Undergrad: 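Attaching a single structure in structure tokens format; questions to follow.
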Amino acid sequence: MFKKFLITVLALSFCDITFAQEQQDQWIWPDQHIEDALYLHIGLGPTIGGGLAMATNPSFFDYDLKSGFAYQGGVAFNINVSHHSSLGLIGIGRWGVEIEALYGAKSYKAGNKTLLMNYLEIPMLLQFYLTQGLLVEAGLTPVKLINASPNYLQSGNVTADMGTMKVNDVMISAGACFKTPFGLAIGLRYNLGVSEWAENFHSKTSTAMASISYLFPLIK
Amino acid sequence: MRKTIYTFLLTWSFLALFTMCKNPGIDYKTFSIIEETVQPGLQSVLVLGKYDFLGEVLSMNLNIGLDEQLTDAKSYPMDLENQSFTVTVEGLAPGTSYYYCYVVEFDNTHKILTEIGTFTTLSDVPLVRTLDVTAVDSITFLVKCIVENDFGMPIIERGICWGLTSNPTCDNNIVEHPESDTGEYYCQITGLELNSYYFVRAYARNEMGLSYANEVLGFMTEAFEPPTVETLSVEEITPTSAICRGRIVNEGSSSVNQRYGIHLGTTLDFSVDGAYYQGDSDGDSFYVNFTDLSPNTIYYYRAYANNNEAIGYGDTHDFTTPSLGRFRIDVLCSPSDGGEASGSGEYDYNQSCELRATPNIGYYFKNWTDPAGNFLSEDNPYIITVINDMQLVANFTQAPEGGIDALFSVGPSSKIYFSRGNLQYRASDHTFQFAEDQWVRIGANNSNISSNYAGWIDLFGWGTGNEPTNTGTNNDFVDWGENSIENGGNKPGIWRTMTKEEWNYVMNNRETSTIGGVENARYAKAKVNNVRGIVLFPDTYENPNEIEIQTITINNPNGSFDDNVYSENQWSILEEKGCVFLPVTGNREETTVQYLDNGFYWSSSMFGMARSAYGLHFDESSLQTDVETALKIGESVRLVHEYQDANMRK
């Protein structure tokens, strides 16, 4: 499923790029200082974060999952498009897109054990700048479970074999971020999982994360 | 710009579709026991096995109880290691059925109980059951019981105990069964009170103790007791008459007075044509003289007696009245060349007939049998009263009187019969005889040897056939067989002593039958009637099924006497098959009897010119046929008789 998902994303992104290229004759690069021209800001850099991982309990097993620590790290890719300011400044446009590739780990308390689940996450968010530095963002975060430990969870005389768990989810993500002019960004984000871990294991994941990232401008 | 946003939203809309997809299920595994072994002991049980579980087991206990629901269960913690569990529970009761289950604890709040199983501990006392009670008469009952298991400990007593209380014990009344073994047995209770309810149960005892059957059976005696009557044998049967007798054993619960006699009919079912005939008293018994019977008819009769309340019967017997006319007597000889028999012919009913058997040379008369081999008489002549057609067989044998009727090869073409026992001598009247049984030896009393001793001796100096109380010399070997032997044909010269070579041939060279896979089985050490010795198997021999011979002892000079132990009854079976037993006898030096656990048997062969001769010697660890012994030593003598086959006699 995750493979189909990636193919779809790539296909749709290709459509978007094609569309953008069709508009290329209208684009004005920032160093041209031409009023009413479009400016494209692209940043790329590392991002790390930490926060709280939460999971709903499965309804028919007394696993008693409790929230635990979550952390993540990876690469952030940001695009911002703006018109030239009438003041002649090179400013920030209202809209932007953030795409990240993250390795995330989420831990939960399961009885006297700690369940650690490692994911590959690709947040894809639409950003709206409230001010030049403060923005809100929303979007979807596809995730894929890489592994989980321990390899089982036990409730009485029943064990769930976590090694057979194959979690794919698209989390609904929303948050806010503050960006400094020199590339440092601090964000808060809430991710709400919508898929159950397994059709016979009815837990859903949500995380509340704080992150810090530094984006090197590729195009300003 | 707006189109870019639309494209972006469209992309996410597609992505949202994926959220509708469900993740596949995962595997759940539950705790299960995959291997289990329950080994009950006398007062313990060992339980071990393996379980299959992905998770952790905090503890595992074995609950054991007598109640099927385990309400009285005690819990025993089990040792857990690598998904294996084991526990040994001590202090259980022998021969008892227990129920058990496992209590598996996974954490402080989760535990499960497995299915309930059962096992029975071994018992050190016998397992005995009361099976059935049947009435023999109003106050006599037959109880059927079984010793199902002796648990490897021989039963030393079994029987029944009975009484008026519901749980009779051996402190009440017992009837002990004469045999002590496992399997079914019957005991009879007699002399009970009329109109009473009794309880009975089986018991058995071994060295570990006494056990009772779980089943206690009850039975009710009759309100009254009929007379107990015994049917006696029939006498003076003629074609038309017979005298039937009976006896009143017990008059029962009231007086019989003169109401007794014989119930007579021609079928086993007396209701068909049975009739009661009043009897006449004759001392302790009574009789009925029937005078109008039909010839050649089977009659069934039983004694009866009647008291004021009931009639009692004895067992049913039968007899056949003979036919009128003449009867045929045929006399056959076995073997046909063994001799001649006279007396065949036709005789009137009740006529006396004299049968006479005359053996041919080399044969001896043995006995009379019917054609099926059933023994009739050893008399010769044999006088019978003819009452029907008969066939009789006169049996002849080459074994003389006092000989064992089985052949043993003592050389490639010579065979002998052994005498029935070791030679014995009484000096006071100069009498020889063979020992009454093969295992008989005089032993220490040989020290009383003297020329006028009135007791028997059986240890002789070599070659002292002329004067058995003398010391042996090398000048004149006189065979003891030259004397008349009282129970050995009572004629001189029938018997002789074997040579050294013949002893060797008997023990080591002759071709014989196979016993238990051992070809040419010639001898085995054994203990007969608690006497050690050597069993010799005849040339042709088939071992009876009921007698076990340890094959390791066959032809084994080092074999143990204790490996083959036979009672007197078992030996009589072997003897019937022609086996010879040479008991240990010891030897005598002047008046000192010694080595009583050794066998010494003279041969007729002298050792060179020295003052010694050869003999057979055996003890716990050896058997030799050529042991050289001083002539003055007193040893046993086992005489033999020469066999001559028909061709040789011609």
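Atom set for the values below is all heavy atoms of this structure, side chains included, hydrogens, waters and symmetry mates excluded. Reminder, nothing fancy here: chain letters follow the sequence lines and each chain counts from 1. Note that the structure is a prediction, hence the values are computed from the model and not measured.
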Undergrad: Need one label for E105(B): side chain, backbone, both or neither, based on atoms under 4.5 Å from any heavy atom in chain A.
TA: neither
Undergrad: Report yes or no: does Y28(B) contribute a side-chain atom to a donor-acceptor pair with the main-chain N or O of N200(A) at less than 3.5 Å?
TA: yes
Undergrad: Say whether, by atom type as modelled, one donor and one acceptor occur between the side chain of N23(B) and the main chain of E196(A) under 3.5 angstrom.
TA: yes
Undergrad: Minimum heavy-atom separation for H110(B) to S155(A), with atom names?
TA: NE2-OG, 4.0 Å
Undergrad: Rounded to the nearest 0.5 Å, what's the gap from CZ on F53(B) to CG on N157(A)? Could you check?
TA: 6.0 Å
Undergrad: For D27(B), which atoms come within 4.5 Å of any heavy atom of chain A: side chain, backbone, both, or neither?
TA: both
Undergrad: Which bit of L54(B) is near chain A, if near means a heavy-atom gap under 4.5 Å: side chain, backbone, both or neither?
TA: both
Undergrad: Please tell me if the side chains of D161(A) and I26(B) come closer than 4.5 Å, counting only heavy atoms from C-beta onward.
TA: no
Undergrad: Locate the shortest heavy-atom distance separating G25(B) from A198(A); write the atom from each residue and the value.
TA: CA-CB, 4.0 Å
